[in-house]
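Chain identifiers are assigned alphabetically (A, B, ...) following the order of the sequence lines, protein sequences preceding nucleic acid strands; residue numbering begins at 1 within each chain. Note that the structure is predicted; figures quoted are calculated from it, not measured.
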Amino acid sequence: MQPAIVAEGLKKRFGRVEAVRGVSFEVRPGEIFAFLGPNGAGKTTTVHMLTTLLRPSAGRAEVAGFDVVAAPTEVRRRIGVVFQDPSLDRELTARENLYIHGRIYGLGGPALREKIGEVLRLVELEPVADRPVKQFSGGMKRRLELARALVHRPRVLFLDEPTLGLDPQTRAHVWDYIRAMKVEAGLTLFLTTHYMDEAEALADRVAIIDRGEIIALGTVEELIRRIGGELLYLRPEGKGRCRPLPGVRNCRELPDGRLLLEVEDAASALPRVLEALLAGGQRVREVTLRRPTLNDVFIRLTGRELRDELTRPGPAGWRGRR
Amino acid sequence: MQAFTVMFYRQVLRFFRARARVVAMILNPLIWLLFFGLGWSRVFQSPMARVIFGGVDYLTFLAPGIFAMTLFSQSFIGGVSVIWDKQFGFLKEILVAPAPRAASIAGRIFGDATLVTLQGLVVLMLTFPLAHALKPAGLLPSLLLGFLMALAFAGLGTALALKMESLEGFQMFMMILILPLTFLSGAIYPIGAMPGWMQALAYANPLTYAVDGARHYLVGASAARFALALDWGLLLLLALGFLLLAALAFRRATLEG
Ligand SMILES: Nc1ncnc2c1ncn2[C@@H]1O[C@H](COP(=O)(O)OP(=O)(O)OP(=O)(O)O)[C@@H](O)[C@H]1O
Ligand SMILES: [Mg+2]
């Protein structure tokens, strides 16, 4: 089957900033594909190129079988987009927003009215459909945007950080809607996020993007398997120091003094590790065992935390605003 | 065509949602007419003054000017909505849609021009009781001419706004354009009374021809300075030119820069 999205060496340069440095990937029809990466990684820029709003500096891309530069109108007909920043008409009601959207996409009459009702039900906004959007909460606006992107029955749906800035409850809700959308036959989803749990919860396959480049691509399972094994957190007395330990493939000293060890099999490695540490004069007060997550994959590949990016802005140059 | 009608519809919806704007649009010309026009009409009561104003009283002279001025400034200011659409992100919704860009931007400009012409109608209805000498028969042709001018300036405002990042930039253009063009149009004093260099500027000012045409229809041929064909011809060219400019600006629009 023809891929829903193909990108080959896609690049975008803004003046001296190279926001996207040659990304290549394919998205299969019907799958949920996620771009996972920190702020400034180039996620939005990629979405804008794929949705025909930015011209690539180099490389090419096809969406729903059409080239984004050569046949933008054909691409636009077949895609739905939820942008990172809101793009609703705040003065109009939810229903009016959906109606205008439908008409712009060439729909009308009872079919449009029916579709509007259907998408409003999907995101549970029917009771407030005739209120102006400016009275909506962030979560309601997000849901309305999801609904709007479905009105014209797109083949490929782009969601740029669909749950950014939403509270945990609303996020879980939005995830449900997104899963429900996927059920709609043939819909392919391309979503970007910097929440690893979001990628884990929703995506069939994940591309980890950092500083404009894809540094890993695969199913969540595959990516985690690259780390393999299990993770041990040890809290030694005093500050932990990494040194060669039996059965340990990788060791990191965490800022809080703990040691993070990658081991093949925790059950057999742990006694030997503790023994070796004790022999070296280091007592361990606490041990935590954890399965690796996408965050660990990111750490392994970049030496940095994906999660850190959420809470504190990195030093200059870190966010890519070089 | 769908994109044209729906963008037209959107401008109308938004206009009537913004009650303050509806009130301001009626109040502003009324203030000019009452506090400016009525005041000066008392000063210009001598027969000499009537000669200067083409044989009519000042209020009758001024009324077509206020009408044209209202249409001009309101249609140009319509460009602000494009800036709002940029800032609130709605423009992206249009840019990513498959509809022909020229159709959607034209729908928006025609919508603005139609609303502004309706405002012109309201202004004229309020004017007739004040300026008795105005000809009711001139109402319809004035509105048509006004519509053409509104198209031109809504097109210009939209094209400029598409190039602007911020409201401040657009407001600067409003400051630079609206008042000087109004003063240089013969709307509030006759062009014949201006010094030569000012007359030259007035001739280069498109608003001049809208004022002139409106005066022709509402006051009489003797009050006009140019041939009607010139008024219509120039405004038609201008409307086409600015519509094209807006369409081109929008067709090329991306999220670049
Ligand atoms: N229009 C622009 N002009 C100049 N630089 C830009 C422009 N848009 C994006 N950039 C830069 O390109 C880089 C990638 O930005 P992009 O918005 O694609 O990142 P992102 O992964 O979406 O980040 P976030 O999680 O913050 O949304 C950043 O360094 C950004 O500063
Ligand atoms: Mg982004």
Looking only at heavy atoms, which of residues 130-147 of chain A get nearer than 4.5 Å to chain B?
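Contacts with chain B: none.
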[X] versus chain B, the contacting section by heavy-atom distance below 4.5 Å:
{"X": "A/Arg148", "result": "side chain"}
{"X": "A/Glu96", "result": "side chain"}
{"X": "A/Ile100", "result": "both"}
{"X": "A/Arg77", "result": "both"}
{"X": "A/Ile79", "result": "side chain"}
{"X": "A/His152", "result": "neither"}

Check whether the ring centres of B/Phe76 and B/Phe170 lie less than 6.0 Å apart, and answer yes or no.
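Here the rings of B/Phe170 and B/Phe76 have centres that are less than 6.0 Å from each other.
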Determine, using ring centers only, whether A/Phe158 and A/Phe83 are less than 6.0 Å apart.
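No; A/Phe158 has its ring centre 6.0 Å or more from that of A/Phe83.
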Contact winner vs chain B - [options], heavy-atom pairs under 4.5 Å:
{"options": "A/Arg76, A/Arg90, A/His101, A/Arg78", "value": "A/Arg76"}
{"options": "A/Thr73, A/Ile104, A/Asp89, A/Val81", "value": "A/Asp89"}
{"options": "A/Lys12, A/Glu91, A/Arg103", "value": "A/Arg103"}

Step through the shown structure and confirm whether more than 12 heavy atoms of other residues, nucleotides or ligands are within 6.0 Å of [atom1] on [X].
{"X": "A/Tyr177", "atom1": "OH", "value": "yes"}
{"X": "B/Trp84", "atom1": "CH2", "value": "no"}
{"X": "B/Lys86", "atom1": "NZ", "value": "yes"}

Under the 3.5 angstrom rule, does the side chain of [X] hit a backbone N or O of [Y] as a donor-acceptor pair?
{"X": "A/Ser24", "Y": "A/Gly9", "result": "yes"}
{"X": "B/Asp231", "Y": "B/Gly213", "result": "yes"}
{"X": "B/Gln2", "Y": "A/Gly106", "result": "yes"}
{"X": "B/Thr70", "Y": "B/Pro29", "result": "no"}

I'd like to know whether A/Thr163 forms a side-chain hydrogen bond (donor to acceptor under 3.5 Å, both in side chains) with A/Glu198, so could you lay out the CA-CA distance, the side-chain angles of the two residues, the decisive distance to 0.1 Å, and finally the verdict.
CA-CA 9 Å; A/Thr163 64; A/Glu198 186 156 286; 2.3 Å; yes
Mind telling me whether B/Phe4 and B/Phe8 have parallel, tilted or perpendicular rings, with 30° and 60° as the class edges?
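Ring orientation of B/Phe8 relative to B/Phe4: tilted.
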Using a strict threshold of under 4.0 Å (side-chain N to carboxylate O), is an ion pair present between [Y] and [X]?
{"X": "A/Lys182", "Y": "A/Glu31", "value": "no"}
{"X": "A/Arg211", "Y": "A/Glu213", "value": "no"}
{"X": "B/Arg10", "Y": "B/Asp85", "value": "yes"}

Going by residue number, which parts of residues 90-100 of chain B are within reach of chain A, meaning a heavy-atom gap below 4.5 Å?
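Result: B/Phe90, B/Lys92, B/Glu93, B/Ile94, B/Leu95, B/Val96, B/Ala97, B/Pro98, B/Ala99.
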Can you find a side-chain donor-acceptor pair between A/Thr44 and A/Asp160 that sits under 3.5 Å?
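Short answer, yes.
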Which atoms of B/Thr5 approach chain A - backbone, side chain, both or neither, heavy atom under 4.5 Å
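Side chain only.
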So for B/Tyr9, is it side chain, backbone, both, or neither that comes closer than 4.5 Å to the heavy atoms of chain A?
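Side chain only.
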